[in-house]
Colleague: 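My structure is below; once you've seen it, I'll send some questions.
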Amino acid sequence: MVDVTKWPLFSLMGPQELSAIRKACVFGTSANEAIYITDDDEVYVFGLNCSNCLGTGDSRSTIVPKKLDFLSGRKVVSLSYGSGPHILLATDDGEMFAWGHNGYSQLGNGTTNQGVAPVLVSANLLNKKVTEVACGSHHSMALTDSGEVYAWGYNNCGQVGSGSTANQPTPRRVSSCLQYKVAISIVCGQTSSLAVVDNGEVYGWGYNGNGQLGIGNNGNQLIPCRLVALQGLCVQQIVSGYAHAMALTDEGLLYTWGANTYGQLGTGNKNIQLSPVQIMTEKERIVEIAACHSTHTSAAKTQSGQVYMWGQCRGQSIVLPHLTHFNSTDDVFACFATPSVMWRLLSMEYDDFLTVAQSLKKEFDNPETADIKFCVDGKYIYVHKAVLKIRCEHFRSMFQSHWNEDMKEVIEINQFSYPVYRSFLEFLYTDNVELPPEDAIGLLDLATSYCENRLKRLCQHIIKRGITVENAFSLLFAAVHYDAEDLEEFCFKFCINHLTEVTQTAAFWQTDGNLLKDFICRASRCGAFKN
């Protein structure tokens, strides 16, 4: 879990205040402002208050957090900040609020008057539900639940995507080649904009002097332009730095492009790249990437939890990804970015009984305190009957007086492998699962048999992060077999996105004929075989 006190602004808060924080963001030209949301959905702000960016109704700075009563009780789902700074915030009911610097109408209210307090942004968004917001230096974007992208504010380089360079005072839908596309993610550089659509394509528009749009040249684009260099790849996450960008594919491949003065592309040199280039090719699968328009810093997290950083790091130019001892990409920005802002709205889940959880974890598979052991593949796993009964309905029933197992000191398990069963028992002690995707299939089988729905979801998450062209088809039909609908849909889409490669794998041709027919029929219905 990320410790928010790594950001100096939060270091004055006491344990009780910190334990109530569920979401937080540090922003500003010097990382001198912060906003956070508590477990009862109250919104607080504190800091320097440049350009009224705290939204408190006045221009006074405050070292003591102040509550924004206007936003009380609203569940915040997305937040972003500009360089002014200005703030955009979206709630779970689809409303969007803005405040702060407004010299270029980046608040979307049709004026250039400073926003001293949060106001609802509604112009041209009637009956639209906003799910995500993004801010550039002085322009803004919003994504709706129907996949429409809206932009407004400063437009000197075409970053609003309207086809001109006139500033846009209210939200305007970005159309052109996005007209009939369904966007799933948006990000902003300082004066550029990027969007990912549902088939994994990436589009960019706005300033391109450093190649940050990734389209092969350095000419500004007044309307969205597809990054053809990423054709054939299915992008699932994009991030943008000050003047560079990165994309992560569904296979865990990382591509970077744009400015490279500080080595922020991770290519081993400082040459700009007008088109995406793949980096970290020798590393394991990447599962998360991080950058933000306020900095020239980049970070990535691998499947095993290793965190790398590169670019401008505390004044140094790191031109190749450097392995850190951090647990999250957020820590990189707290400790090494300039300014030390947060690259996203940080979410935190606190365990109110942390000491007990740590104690339970320590006692798992401890023969000194255990009162029962399982024998799997000839190996013993030492556990505590009371813990199993508390944590699992299956064991609660098993250890009733009329069951034979209640009298045994050793219980033989034959239907599951040792790694799978040990992971299951460890999950009951820790709430965590650490298994490769192939073993997670076996654990998914166990979770289904024991009606452990949370474990089932965790297994699906592991499998999703470990999906490859080679194992995608096997995972798809494992999901069908275990009635994991969400996982099934995910694996099916992956197979469709990589249809040519998947159909050449051994797993595809070794599949039962009826299952193969079902897949082909389903793929045909979704248009996979159109010319």
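This one's a predicted model, so the numbers in the text were calculated from it and none came from an experiment.
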Colleague: Relative to Tyr150, does Arg172 satisfy both conditions: NZ or CZ under 6.0 angstrom from the six-membered ring centre, and within 45 degrees of the ring's axis?
Modeller: no
Colleague: Under a 3.5 Å distance rule, please check whether Trp7 uses its side chain to pair with a backbone N or O of Ala34 as donor and acceptor.
Modeller: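 Checked: no pair found.
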Colleague: Using a 3.5 Å cut-off and no angle test, enumerate the donor-acceptor pairs between side-chain atoms of residues 220-229 and protein atoms at least two apart in sequence or in another chain.
Modeller:
unit_1	atom_1	unit_2	atom_2	d
Asn220	OD1	Asn208	N	2.9
Gln221	NE2	Gly219	O	3.3

Colleague: Short question: side chain of Asn52, backbone of Asp58 - any donor-acceptor pair under 3.5 Å?
Modeller: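 Yes, Asn52 side chain to Asp58 backbone: donor-acceptor pair under 3.5 Å.
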Colleague: Tell me yes or no: between the side chains of Glu132 and Ser78, is some donor less than 3.5 Å from an acceptor?
Modeller: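 Note: Glu132 and Ser78 side chains miss the donor-acceptor criterion.
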Colleague: Do the ring planes of His296 and Tyr242 sit parallel (below 30°), tilted (30 to 60°) or perpendicular (above 60°)?
Modeller: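 Correct class here is tilted.
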Colleague: Got a donor-acceptor contact below 3.5 angstrom from the Gln212 side chain to the Asn210 backbone?
Modeller: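 Yes, Gln212 side chain to Asn210 backbone: donor-acceptor pair under 3.5 Å.
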Colleague: Can you find a heavy atom in the side chain of Met309 that is under 4.5 Å from one in the side chain of Ser298?
Modeller: no
Colleague: Only one of Gln168, Gln106, His86 forms a side-chain hydrogen bond (donor to acceptor under 3.5 Å, both in side chains) with Ser140, so which one is it?
Modeller: His86
Colleague: Under a 3.5 Å cutoff, is there a donor and acceptor pairing between the side chains of His498 and Asp250?
Modeller: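 Side chains of His498 and Asp250: pair found under 3.5 Å.
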Colleague: State, yes or no, whether a side-chain contact exists between Asn260 and Gln273 at a heavy-atom distance under 4.5 Å.
Modeller: no
Colleague: Parallel, tilted or perpendicular for Phe333 and Trp343, by the 30°/60° rule?
Modeller: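 The rings of Phe333 and Trp343 sit tilted, inter-plane angle from 30° to 60°.
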Colleague: Salt bridge check, Glu148 against Lys181: does any charged N sit closer than 4.0 Å to a carboxylate O?
Modeller: no
Colleague: Counting distance only, does the side-chain N/O of Trp257 pair as donor-acceptor with the main-chain N or O of His244 below 3.5 Å?
Modeller: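 It does not hold such a pair.
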Colleague: Considering only heavy atoms from C-beta outward, does the side chain of Leu68 approach that of Glu42 to under 4.5 Å?
Modeller: no
Colleague: Before accepting this row, confirm whether a basic side-chain N of the pair Arg522/Glu488 lies closer than 4.0 Å to the acidic partner's carboxylate O.
Modeller: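 Salt bridge: yes.
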Colleague: Working note: Tyr308 + Phe326, criterion ring-ring contact (aromatic ring centres under 6.0 Å, His included); need CA distance, chi angles, decisive distance, verdict.
Modeller: CA-CA 8 Å; Tyr308 291 81; Phe326 295 134; over 10 Å; no
Colleague: If we count only N and O atoms by modelled type, under 3.5 Å, do the side chains of Ser162 and Asn155 hold a donor and an acceptor together?
Modeller: yes
Colleague: Using side-chain heavy atoms (C-beta onward) and a distance below 4.5 Å, is Thr38 in contact with Arg22?
Modeller: no
Colleague: Verify whether one side chain among Thr131 and Asp145 offers a donor that lies under 3.5 Å from an acceptor in the other.
Modeller: no
Colleague: Taking only Lys NZ, Arg NE, NH1 and NH2, and the carboxylate oxygens of Asp or Glu, determine whether Asp41 and Arg74 approach each other closer than 4.0 Å.
Modeller: no
Colleague: Please examine the side chains of Val202 and Ile238, heavy atoms only from C-beta on, and report whether any two atoms are closer than 4.5 Å.
Modeller: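 Counting from C-beta outward, Ile238 and Val202 do come under 4.5 Å.
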Colleague: Taking the six-membered ring for Trp, are Phe519 and Phe508 parallel (under 30°), tilted (30 to 60°) or perpendicular (over 60°)?
Modeller: perpendicular
Colleague: Does Thr503 use its side chain to pair, donor to acceptor, with the backbone of Thr500 at less than 3.5 Å?
Modeller: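 Yes; judged by distance alone, with no hydrogens or angles, the pair exists.
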Colleague: Is the closest side-chain donor-acceptor distance between Asp69 and Ser72 under 3.5 Å?
Modeller: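 The criterion, which ignores hydrogens and geometry beyond distance, is not satisfied for Ser72 and Asp69.
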Colleague: Determine whether a donor-acceptor pair (N or O, by modelled atom type, separation under 3.5 Å) exists between the side chain of Thr324 and the backbone of Val307.
Modeller: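 Yes: the side chain of Thr324 pairs with the backbone of Val307.
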Colleague: Between Lys6 and Cys335, is there a donor-acceptor pair closer than 3.5 Å when you use the side chain of the first and the backbone of the second?
Modeller: no
Colleague: Assess whether atom CD of Glu485 is packed by more than 12 heavy atoms of other residues, nucleotides or ligands within 6.0 Å.
Modeller: no
Colleague: Please identify which of these residues, Leu265, Val319, Ile279, meets the side chain to side chain contact (heavy atoms under 4.5 Å, CB included) condition with Trp310.
Modeller: Ile279
Colleague: Side chains of Thr297 and Val332: closer than 4.5 Å at any heavy-atom pair?
Modeller: yes
Colleague: Is a salt bridge present between Lys464 and Asp486, judged by a nitrogen-to-oxygen distance below 4.0 Å?
Modeller: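 Salt bridge present between Lys464 and Asp486.
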Colleague: Is Gln306 close to Pro321 at the side-chain level, that is, under 4.5 Å between some pair of heavy atoms?
Modeller: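 A side-chain contact under 4.5 Å is absent here.
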Colleague: Quick one, Trp205 and Leu178 - any side-chain contact, counting heavy atoms below 4.5 Å?
Modeller: yes
Colleague: After noting the C-alpha distance and the side-chain angles of Tyr154 and His139, does the key distance pass the ring-ring contact (aromatic ring centres under 6.0 Å, His included) rule?
Modeller: CA-CA 5 Å; Tyr154 198 30; His139 76 288; 8.7 Å; no
